[in-house]
Amino acid sequence: MLNQQRSLSELPKMSGASQAERAVLEEEFNWLLKEEVHAVLKQLQDILKEASRRFSMPSPGLESQLKQENFILGSSTMDQVKGVLTLQGEALTQADINLKSAKSNQVMHFTFREEKQWKLQQIQDARNHVNQALQLLSSRDDSYHFKTGAEVNKLMDAVMLQLTRARNRLTTPASMTLPELATSSLMKMFSPPMPGDVMVNFYINLSKLCLTVYHIHAMQPNTTKNFRPSGSSVLHNPGAMFELNNAKFEVSHVQKVECVVPWLNDTLVFFTISLQLCQQLKDKIAVFSSFWNYRPF
């Protein structure tokens, strides 16, 4: 009974301490909303501006300032494919490629036709997502006052969504079917034209610019081999089959070469840092939210 009376007598003190603690936390939370959130937004903008600059997109009238970079394709397939690719922002402005024929071992030389460029959609999409993230961040300038943690979380979620999409575009190449590759406008960019038994594809994988070469052969109409058309894939293996214009084809050889693009690696690092900053801010808000939701009995 005595312990119960003492506990009851201490309730005003506990309540007072709780109110004082709550007042301190409210002051800290208001500082977070007014000062720290904007500091993080500024930091995110600075990082993403650097990421956007890595994409080398020119301002109107400054096209001549776009930096052209040459990359030598490396291969582990006994030099069956060699080449130099010229990258200018999101565009492959030149491709100088030597292919060794799978049939005759003869070396074939191809370049892009004059005035032809190949836009890398992955880079273009990633840049667009970065710019959308920057627009979201700039929509809340220093004079804007966030009223709730939920409002900050909503903004962080929107920014993180754009950054995740940007990262995924660089880390996950688009899948294509073999008929799509065969009829791609990329096949019409070379001089001399690519032979009918060769198909090529360019794509980004993480920080690498990749070239895949497919050597194909027509299947005999009366072949006894079961025809199983291949579906959509980033990389098709030898033995993959497809049908085009009522003719059946099979992949006989696949050669893949690649080169590292350093600024793509920089960009992926910027995405990772930015996503971590967003999550850290959300975690801080969650700490305060857990206190507001806590009600001692």
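Numbers here are sequence positions counted from 1. Remember, predicted model here, so these are calculated numbers, not experimental data. When reading the values below, keep in mind they use all heavy atoms of this one structure, side chains included, and skip hydrogens, waters and symmetry mates.
- R113 contributes atom CZ, which lies 11.0 Å from atom CZ of F190 (distance to the nearest 0.5 angstrom).
- Side-chain N or O atoms of S207 include none that pairs as donor or acceptor with a backbone N or O of V260 at under 3.5 Å.
- Between the side chain of S232 and the backbone N or O of M176, at least one donor-acceptor pair lies under 3.5 Å.
- In this structure, Y144 has its ring center at least 6.0 angstrom away from the ring center of H38.
- Remark: the backbone N or O of V234 is not paired with any side-chain donor or acceptor of Y203 at under 3.5 angstrom.
- F202 and F112 get closest at one heavy-atom pair: CE1-CZ, 4.1 Å.
- Contact annotation: the side chain of R165 never approaches that of Q132 to less than 4.5 Å [non-hydrogen atoms, C-beta and beyond].
- V107 is not connected to I97 by any chain of hydrophobic side-chain contacts under 4.5 Å among Ile, Leu, Val, Met, Phe, Trp and Tyr, and they are in different clusters.
- The hydrophobic cluster containing V84 also includes I72, under a criterion of side-chain heavy atoms closer than 4.5 Å among ILVMFWY residues, counted directly or through chains of members.
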Query - Chi angles and distances behind the side chain to side chain contact (heavy atoms under 4.5 Å, CB included) call for V200, M194 - result: CA-CA 9 Å; V200 298; M194 285 276 176; 3.8 Å; yes

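- Remark: the H109 side chain and the D96 side chain contain an N/O donor-acceptor pair separated by less than 3.5 Å.
- With D141 contributing its side chain and S143 its backbone, the two residues share a donor-acceptor pair below 3.5 Å.
- Shown here for L244 and F249, the closest heavy-atom pair between the two residues is O-CE1, 3.9 Å.
- Separation of atoms NZ (K256) and OH (Y214) is listed at 9.0 Å; rounding is to 0.5 Å.
- Taking a 6.0 Å sphere around NZ of K284, one finds it holds 12 or fewer heavy atoms contributed by other residues, nucleotides or ligands.
- Q88 places no side-chain N or O within 3.5 Å of a backbone atom of T93 that could act as its donor or acceptor partner.
- S52 contributes no side-chain N or O that, together with a main-chain N or O of L48, makes up a donor-acceptor pair within less than 3.5 Å.
- Looking at S230, its side chain does come within 3.5 Å of a backbone N or O of M241 through a donor-acceptor pair.
- Residues T212 and V254 have side chains in contact (heavy-atom distance under 4.5 Å, counting atoms from C-beta outward).
- The one candidate from D125, T164, N128 that meets the side chain to side chain contact (heavy atoms under 4.5 Å, CB included) condition with R169 is D125.
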**Report entry** Derivation and outcome, side chain to side chain contact (heavy atoms under 4.5 Å, CB included), residues L163 and H129
**Finding:** CA-CA 7 Å; L163 293 178; H129 287 305; over 6 Å; no

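- In this structure, Q45 contributes its side chain and L134 its backbone to no donor-acceptor pair below 3.5 Å.
- Residues E69 and W263 meet the side-chain proximity criterion, which asks for heavy atoms closer than 4.5 Å.
- How far CZ of F71 is from CG of L87: 5.5 Å, rounded to the nearest 0.5 Å.
- The heavy-atom pair separating H215 from V213 by the smallest distance is NE2-CG1, 3.9 Å.
- To the nearest 0.5 Å, atom CG of residue L137 and atom CD of residue Q162 are 10.5 Å apart.
- L277 and L161 end up in different hydrophobic clusters when Ile, Leu, Val, Met, Phe, Trp and Tyr side chains are linked at under 4.5 Å.
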Report task. Start with the C-alpha distance between V130 and F271, add both sets of side-chain angles, then the distance that settles side chain to side chain contact (heavy atoms under 4.5 Å, CB included), and finish with yes or no. Result -> CA-CA 9 Å; V130 170; F271 291 164; 3.4 Å; yes

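- Two residues are said to be in side-chain contact when any heavy atoms from C-beta on lie closer than 4.5 Å; L73 and L85 meet this criterion.
- In summary, of the residues considered (V37, L44, L155), a side chain to side chain contact (heavy atoms under 4.5 Å, CB included) with L281 occurs for V37 alone.
- Considering every non-hydrogen atom in both Q117 and A91, the closest pair reads OE1-CB, 3.6 Å.
- Separation of atoms CG (D157) and CG (L136) is listed at 11.5 Å; rounding is to 0.5 Å.
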Query raised in the report: Would V159 and L41 count as a side chain to side chain contact (heavy atoms under 4.5 Å, CB included) if you check the C-alpha gap in whole Å, the side-chain angles of each, and the deciding distance to 0.1 Å?
Result: CA-CA 10 Å; V159 171; L41 298 189; over 6 Å; no

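- In terms of heavy atoms, V198 sits closest to M187 at O-CE, 3.1 Å.
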Report task. Please test R53 against E50 for salt bridge (Lys or Arg N to Asp or Glu O under 4.0 Å), starting from the C-alpha separation and ending with a verdict. Result -> CA-CA 5 Å; R53 189 173 64 82; E50 279 298 307; 2.7 Å; yes

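- Every pair tested for salt bridge (charged side-chain N to carboxylate O under 4.0 Å, His left out) that includes a residue from residues 171-195 fails, sequence neighbours excluded, so the list is empty.
- What you find for I123 and G89 is that their closest heavy atoms are CD1-O, 4.1 Å.
- Within 6.0 Å of CG on D46 lie more than 12 heavy atoms contributed by other residues, nucleotides or ligands.
- Distance check, rounded to the nearest 0.5 Å: CE of M156 to CD of Q279 gives 11.0 Å.
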